[in-house]
Amino acid sequence: MSELGFELVCLDCETAFSGLEPRYRCDCGGTLDVKHDLKAVAEAVDRDVFDRRRGNGGPLDRSGVWRYRELILPVEARHVVSRGEGNTQLYDSPAVAKYAGLDRLLLKHEGENPTGSFKDRGMTVGTAAARMLGMDRVACASTGNTSASMASYASIAGMRAFVFIPEGNIALGKLSQALAYGARTLQLAGDFDAAMRLVEQVCATESIYLLNSVNPFRIEGQKAIGFELLQDLGWRVPDWIVLPGGNLGNNSAISKGLVELHEIGWIDRLPRIAVIQAGGANPLYTAFTTGRPIEPVRAETIATAIRIGNPVSWKKSLRGIEASNGVVEEVSDQEILDAKAHVDAAGIGAEPASCATVAGLRKLVANGTIDPGSTVCGILTGHLLKDPDVVVGYHSGSLSGIDSRFANAPLRVPDDLDAILAELRRI
Ligand SMILES: *Cc1c(COP(=O)(O)O)cnc(C)c1O
Ligand SMILES: [Zn+2]
């Protein structure tokens, strides 16, 4: 172990690197894990320390990522750019539970992060790593939320940001954020997978730091979703954690963090992880059900945040699913939008990809994989307002190929009191 207190280890060949140079992959092409000295962590802190920090006002303790810093990344405080990420609500929603077929459902809303998605948890750590390494330019390929988050954190850190986004198929709220926060935005004539391939090549030669989730430090930050969820539950382990999968960094992160907690002995068992993919972007589902390595697909789904055909973190993802005896499920766009109508109407609201969580849950309960009486936590990954076009399109019945079964269409009325009163009595 290096004097930094962590090292980077290749998932494929186990070569270790010091973590003192910008590096996203091993020379063999394998992705990298941050490996902590867990014994030293267990000697330095315990769950009570994290609980005490939660009630504290200090800038690092207030962050729902840096509160767990010993398990995230041991960096100097001066390198940290924080917007007080995390601290998201855990909703107990009887309405959504009923729709999913569960007795009870807890929904952790990661759309309540500063830029409206869980990406902020990874980005605060990725930005700190960039500072630690002395990099002042950052880049990512993005279906939208990564670029929104990176643009914000880079601006605060005084770094130049370059985002590569696929032309079309990016939700309006997300594109607005990247432009507004001042990132140089390259709209590529190609899909996300093409953008991802190109940005990795650019960062390899241009001394620009890559902040996609292939960056192992992003994963460390996103582990905090699981830490905070357990803290929300008084460290009682739920039976299931359910979340959508696109590039597969997030489920890899949550599993990695929980496995580490288990290794330290702070939890006595692992929750089972269920990863939900869109049917039109389902390479993990296929790999999981056939037992074969990932085969890239041309991705198509209305849930743009998970419209990814060649996911970078598939090996990490399968490792975590295996460790937790987890499952992978797929859902159609119709199922995603029906679930979204219920999540939204429950007063909680989330973007389409997030609602794959609830659509998948409903399927897993119906097919007997998840017992209706089990403790289930679903992760809502992004904010309702990220994708207003889909919301308005759904409720006005104008999405092609989608049956707007639960539409709440606006009513047209004349500017006449009697007509309005008649309408109000009717609805
Ligand atoms: C990024 C993102 C996902 C997918 O997460 P991965 O780590 O790529 O699997 C899901 N939902 C939302 C809202 C996202 O922004
Ligand atoms: Zn290797």
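We count ligands from 1, going down the list as the structure has it; atoms in each ligand are counted the same way. As the structure is a computational prediction, the values presented were derived from the model and not from experiment. Side chains included, hydrogens not; waters and symmetry mates left out as well; all remaining heavy atoms used.
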Would you call [X]-[Y] a salt bridge at under 4.0 Å N-O?
X      : Y      : value
Lys39  : Glu260 : no
Glu220 : Lys256 : yes
Lys340 : Glu351 : no
Asp191 : Arg197 : no
Arg236 : Asp232 : no

[atom] - nearest protein heavy atom and its distance:
atom                    : result
atom 7 (O) of ligand 1  : Asn250 N, 2.8 Å
atom 1 (C) of ligand 1  : Lys119 NZ, 1.4 Å
atom 11 (N) of ligand 1 : Thr381 OG1, 2.8 Å
atom 6 (P) of ligand 1  : Leu248 N, 3.5 Å
atom 5 (O) of ligand 1  : Phe118 CZ, 3.4 Å

Taking [X] for the side chain and [Y] for the main chain, is one N or O donor matched with an acceptor at less than 3.5 Å?
X      : Y      : answer
Asp239 : Ser374 : no
Gln177 : Thr115 : yes
Thr301 : Ala303 : yes

Of all the atoms in ligand 1, which lie at a distance below 4.0 Å from a heavy atom belonging to [X]?
X      : value
Ile306 : 4 (C), 10 (C)
Gly249 : 6 (P), 7 (O), 9 (O)
Gly382 : 13 (C)
Ala353 : 11 (N)
Glu351 : 13 (C)

(request) Give me the one residue out of Leu230, Thr375, Leu261 that meets side-chain contact (heavy atoms from CB on, under 4.5 Å) with Val237. (result)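 Exactly one option meets the side-chain contact (heavy atoms from CB on, under 4.5 Å) with Val237, and it is Leu230.
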
(request) Of the side chain and backbone of Ile308, name the one, both, or neither that has a heavy atom under 4.0 Å from an atom of ligand 1. (result)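 The answer is neither.
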
(request) Classify the contact between Lys386 and ligand 1 as side chain, backbone, both or neither, using a heavy-atom distance cut-off of under 4.0 Å. (result)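 Near ligand 1, Lys386 shows nothing, with every heavy atom at 4.0 Å or more.
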
May I ask you to check if ligand 1 and [X] share an N or O to N or O distance below 3.5 Å?
X      : value
Asn247 : yes
Gly246 : yes
Asn145 : yes

(request) Quick one: which residue pairs count as a side chain to side chain donor-acceptor pair (under 3.5 Å) with a foot in residues 93-106, not counting sequence neighbours? (result) Asp92-Arg104

(message) Using ring centroids (six-membered ring only for Trp), state whether Phe217 and Tyr24 fall under 6.0 Å.
(response) no

(message) Aromatic contact between Phe50 and Phe227, with the criterion being ring centroids under 6.0 Å apart: yes or no?
(response)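 Between Phe50 and Phe227, the centre distance exceeds or equals 6.0 Å.
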
(request) Apply salt bridge (Lys or Arg N to Asp or Glu O under 4.0 Å) to Glu110 and Lys119, showing your working. (result) CA-CA 9 Å; Glu110 289 295 304; Lys119 300 297 198 298; over 6 Å; no

(message) Which of the protein's N, O or S atoms come within less than 2.8 Å of the Zn ion (ligand 2), not counting waters?
(response)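 The answer, once waters are left aside, is Cys10 SG, Cys13 SG, Cys26 SG, Cys28 SG.
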
(message) Regarding Asp51 and Gln231, do their side chains bring together a donor and an acceptor under 3.5 Å, going by distance alone?
(response)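 Yes, side-chain donor-acceptor contact under 3.5 Å.
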
(message) If the contact criterion is a heavy-atom separation under 4.0 Å, does Gly245 count as touching ligand 1?
(response) yes

